[in-house]
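Worth saying up front: this structure is predicted, and the values here are computed from it rather than measured. Just so we're on the same page: letters track the sequence lines, and every chain starts at 1.
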Amino acid sequence: MSQPSIASPNDSLNAIDSSINKAAFYFILSAITWLLLSSLFAVIGGIKTVLPSFLSTYEGFTFGRIQAMLNSTLIMGWCSNAIFAVAFWIMARLSSTPIKHGGILLLAGFIWNVALTLGLLGIFIGDLTAYSWMEFPSYTSGIFLLAYTLIAVWGIVAYRHKQNDYSYVSQWYILGGLLWFPWIFVIGQFFINWVPVRGALQSIVHAWYINNIFYLWLCPIALGACYYFIPKLSNTPIRSYHMSALAFWTFALFASWSGMTYLIGAPVPVWLTTTSIVFAIALIIPLLILYVNLVGTALASASQLKNNLALRFITFGSIAFILHLIVKMLLTFSSIDAVAHFTMIYDAHHWQLIYGFFSMIFFGAFYYLVPTLLNHYFKSYFLPNLQFILSALGIIILLAALYIGGWQQGTQYNTVELSFLEITNNLSLWMQLKLVGLVLILLANLLFAFNVTGLLLSKLLDALPNFSNEELNQNT
Amino acid sequence: MKHFSVLLFGIFIILTSSFLGLISSSLNQLGDLKQSTESLELNESGEPILVEGDPLYPMKLSGLSEQGHMEYIQLGCVNCHSQQVRREELGKDLERGFGQRVSVPRDYIMQSNVVLGYTRLGPDLSNVGARIKDLNWHLLHLYNPQITSPGSLMPPFPFLFKTVEISETTATDSALVFPEGNPNTPKEGMAIIPTKRAIALVEYLLNLDIHYNLPEAVITKNDTGK
């Protein structure tokens, strides 16, 4: 392994970029569409926890289904499409090799979105499964798998045929994520939908699935992006880069074994949760390395942080991730779990991973990737900067509401004198604050969509009058 | 390209190890759990066996309850309600009367889909059938939770009910009985009747009750809270 080299001939970079151009834009635009839809679902769900009768005459909009549609659009819509856009481009760039067969990639992306649309309609009419974060009906899983195979293979091929001798830790994370996802997906589908296991075993498989989708699919790709973008944007080599391989292996191993912490106190064998608690605590090792590698490097250059929007997003995301892991460890202590389990704290923990970490990293990545691919830059950074402020504010308010509200919910639950109804009534302030956070996030996401599509449109408009000239030049 | 195979091997080993360690081993441990009688007796060679003639628990759900279970899943109830009673040191489930004993893996073996739940915006339902036995209460609660639990965060499910005109030809035996003076009461001459789905769902809820003993889980608490 060695540091990413900055000097590369521009021609080959352009060839690599254009090899993935169309497919990348397809994935970027799909990701944004699903992101907007998911934030709309989140706001509808948020309104329903303040005004339970909102939209309640329509069966498809009942809270349980909104929640299921929210989870599915987030994971399979926004996160996965964003991953396809960014992971391939990083992989191609670091391997110095163009992505072949962009056409198949485009087709596969289309199939993926068809599966997701079908899945959402299925949930809307009541075909959802009983398992959170994998609610899409089982008849869509085959289509997802087909599409995924056609997509992922090109990222792996790019790494296999790389034109240089270097191997960057970014590539390890991305390769890992691309290989882990189909396997997690198949095991989840197999043991829950296709050949269901019996009884509480379903919950064990389910906990394993959620945990690995988060920590071995979303996290590795986002971490790979961090390792790629942070040194590039801050113009500083990764601090203690030699430790990064250790962080990669320990994070993947420990995180994958830590999944049963969701089931502390549940009707499953106690050794299962104990094992996972041990591994969750062991995450301290990768946590410290990732902190030095990522946050340490990003914060080292204050001037870049001030001037570079993408870096600011990615730094925010990295810090959110470190805090997320700390919370994950804290939640395994039985005295804390006795309060926090079944409260909104678990919601907060998921939001922190998906919005605070993943989405912020990918916003930053898109703000770098889109202008680079278009070779067309923002004239003013006012609106993108505004989006950063809105996103950051929305996430902080949302998390504060859910963490503090959740802690209150847990302590009051353990005060037996308070009836259950009083506990949920006492949550109303936090529910309203949560809604404020979700609305801010929706606005931020709308602004993000506006910024990215606006840049794309202005490039197309700029290109129009020049078109005939270029054609003339080519003919002569 | 030696490191490529090492990398692939490492990536493979990580997920395999967690699959074998967490999933396969629990399959081995829990995969062949069977129904049991409330207590066991010893046979001649001193091994514990089921008591002949005693009923087996957990019982299989009736057809109607099974339909209700499907409704429970399709309406996404699991997004607010849990179905598990935790140990005393992990919260006040027992003291709150959500159950008289902790739930154990065997309680779930007869369910086609296990809905342990992960959050409690609504109360735990493992024993709701034992806590509230009134059919009309459950129907009213589904029709509009504000009637039975003012201030509840639960959404109403009006689409599980039909408003009909009372006449000699329409069957209104199952019509909801509203508390006197409730603003949701239908107009004179009209009645609100549950659909088949609502009846199935309530039948399922009334059957949620783990107040039987199992050899590994004996009822310890005897007061049913509200």
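Highest contact tally toward chain A, considering only B:Cys80, B:Pro145, B:Pro150, B:Ala217, is held by B:Pro150 [criterion: heavy-atom pairs under 4.5 Å]. Each of B:Pro156, B:Gly31, B:Gly117, B:Gly91 has some count of heavy-atom pairs under 4.5 Å with chain A, and the biggest count is that of B:Pro156. Comparing A:Ser419, A:Ser334, A:Ala266 by how many heavy-atom pairs each has under 4.5 Å with chain B, the most go to A:Ala266. Chain B forms the most heavy-atom pairs under 4.5 Å with one residue out of A:Asp337, A:Val50, A:Ile204, and that residue is A:Asp337. Note on A:Tyr262, A:Trp249, A:Phe63: by heavy-atom pairs under 4.5 Å with chain B, the leading option is A:Trp249. Highest contact tally toward chain B, considering only A:Val197, A:Ile187, A:Ile123, A:Thr129, is held by A:Ile187 [criterion: heavy-atom pairs under 4.5 Å]. The candidate from B:Gly76, B:Pro105, B:Pro155 with the greatest count of non-hydrogen atom pairs under 4.5 Å with chain A is B:Pro105. Counting heavy-atom pairs closer than 4.5 Å to chain B, the top residue among A:Phe279, A:Tyr346, A:Trp208 is A:Trp208. Contact count against chain A (heavy-atom pairs under 4.5 Å) is highest for B:Val114 among B:Leu160, B:Val114, B:Asp124. Considering only heavy-atom pairs separated by less than 4.5 Å from chain B, the leading option among A:Arg198, A:Glu422, A:His206 is A:Arg198.
Nearest heavy-atom pair across A:Phe342 and B:Ser82 is CE2-CB, 3.9 Å. For the pair A:Pro267 and B:Gln84, the tightest heavy-atom approach, listed with the atom from each and the gap, is CD-OE1, 3.6 Å. Closest approach of B:Arg86 to A:Ala338, counting heavy atoms only: NH2-CA, 4.1 Å. Nearest heavy atoms, A:Met431 versus B:Leu121: CE-CD2, 3.6 Å.
Checked by atom type and distance alone, the side chain of B:Asn79 never pairs as donor or acceptor with a backbone atom of A:Gln67 at under 3.5 Å.
Note that the CG atom of A:Leu179 and the CD1 atom of B:Ile14 stand 11.5 Å from one another [nearest 0.5 Å]. The OG atom of A:Ser56 sits 8.0 Å away from the CG atom of B:Asn144 when rounded to the nearest 0.5 Å. Atom CG of residue A:Leu272 and atom OG of residue B:Ser25 lie 6.0 Å apart, to the nearest 0.5 angstrom. Note that OG of A:Ser335 and CD of B:Glu89 are 12.0 Å apart. Values are rounded to the nearest 0.5 Å. With rounding to the nearest 0.5 Å, the separation of OH in A:Tyr131 from CD1 in B:Ile73 is 6.5 Å. Note that CG of B:Leu153 is 8.5 Å distant from OG of A:Ser428, once rounded to the nearest 0.5 Å.
Contact annotation for B:Leu27: both backbone and side-chain heavy atoms come within less than 4.5 Å of a heavy atom of chain A. For A:Ile192, no part lies near chain B; criterion is any non-hydrogen pair under 4.5 Å. Contact of B:Tyr72 with chain A is not made at all, since no heavy-atom distance falls under 4.5 Å. Both the backbone and the side chain of A:Leu128 come within contact range of chain B, judged by heavy atoms closer than 4.5 Å. Only the backbone of B:Ser112 has a heavy atom closer than 4.5 Å to any heavy atom of chain A. B:Ser103 touches chain A through backbone and side chain together, each having a heavy atom under 4.5 Å away. Interface remark: A:Leu175 contributes backbone and side-chain atoms alike to the contact with chain B (heavy atom separation under 4.5 Å). For a residue to count as touching a neighbouring chain, one of its non-hydrogen atoms must lie under 4.5 Å from one of that chain's; by this rule B:Glu71 does not touch chain A. For a residue to count as touching a neighbouring chain, one of its non-hydrogen atoms must lie under 4.5 Å from one of that chain's; by this rule B:Val104 touches chain A with the backbone only. Heavy atoms closer than 4.5 Å to chain B are found in the side chain of A:Asn212, but not in its backbone. Using a 4.5 Å cut-off between heavy atoms, A:Thr415 touches chain B through its backbone atoms (N, CA, C, O) alone. For a residue to count as touching a neighbouring chain, one of its non-hydrogen atoms must lie under 4.5 Å from one of that chain's; by this rule B:Thr16 touches chain A with backbone and side chain alike. Interface remark: B:Tyr118 contributes backbone and side-chain atoms alike to the contact with chain A (heavy atom separation under 4.5 Å).
A:Glu59 and B:Arg197 are joined by a salt bridge, as a carboxylate oxygen and a charged side-chain nitrogen come within less than 4.0 angstrom of each other.
Residues A:Thr343 and B:Arg120 have side chains not in contact (no heavy-atom distance under 4.5 Å, counting atoms from C-beta outward). Contact check for B:Arg87 versus A:Val270: side-chain heavy atoms found under the 4.5 Å cut-off. The shortest side-chain heavy-atom distance between A:Val268 and B:Ser26 does not fall under the 4.5 Å cut-off. Looking at B:Val78 and A:Ser132, their side chains never come closer than 4.5 Å, going by heavy atoms from C-beta outward. Residues B:Tyr108 and A:Gln202 have side chains not in contact (no heavy-atom distance under 4.5 Å, counting atoms from C-beta outward). Within the 4.5 Å cutoff, side-chain heavy atoms of B:Leu7 are placed close to those of A:Trp172. Proximity of A:Thr424 to B:Ser152: side-chain heavy atoms (C-beta onward) are nowhere separated by under 4.5 Å.
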For this session: List the steps and the verdict of side chain to side chain contact (heavy atoms under 4.5 Å, CB included) for A:Met260 and B:Leu22.
Result: CA-CA 8 Å; A:Met260 300 302 139; B:Leu22 299 173; 4.0 Å; yes
For this session: Determine, stepwise, if the pair B:Ser17 / A:Leu253 fulfils side chain to side chain contact (heavy atoms under 4.5 Å, CB included).
Result: CA-CA 9 Å; B:Ser17 70; A:Leu253 183 70; 3.8 Å; yes
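Ring-centre distance between B:Phe19 and A:Trp183: not below the 6.0 Å cut-off. Ring centroid separation for the pair B:Phe159 and A:Tyr58 does not come in under the 6.0 Å cut-off.
Cation-pi geometry between B:Arg96 and A:Phe420 is not satisfied (NZ or CZ under 6.0 Å from the ring centre, within 45° of the ring normal).
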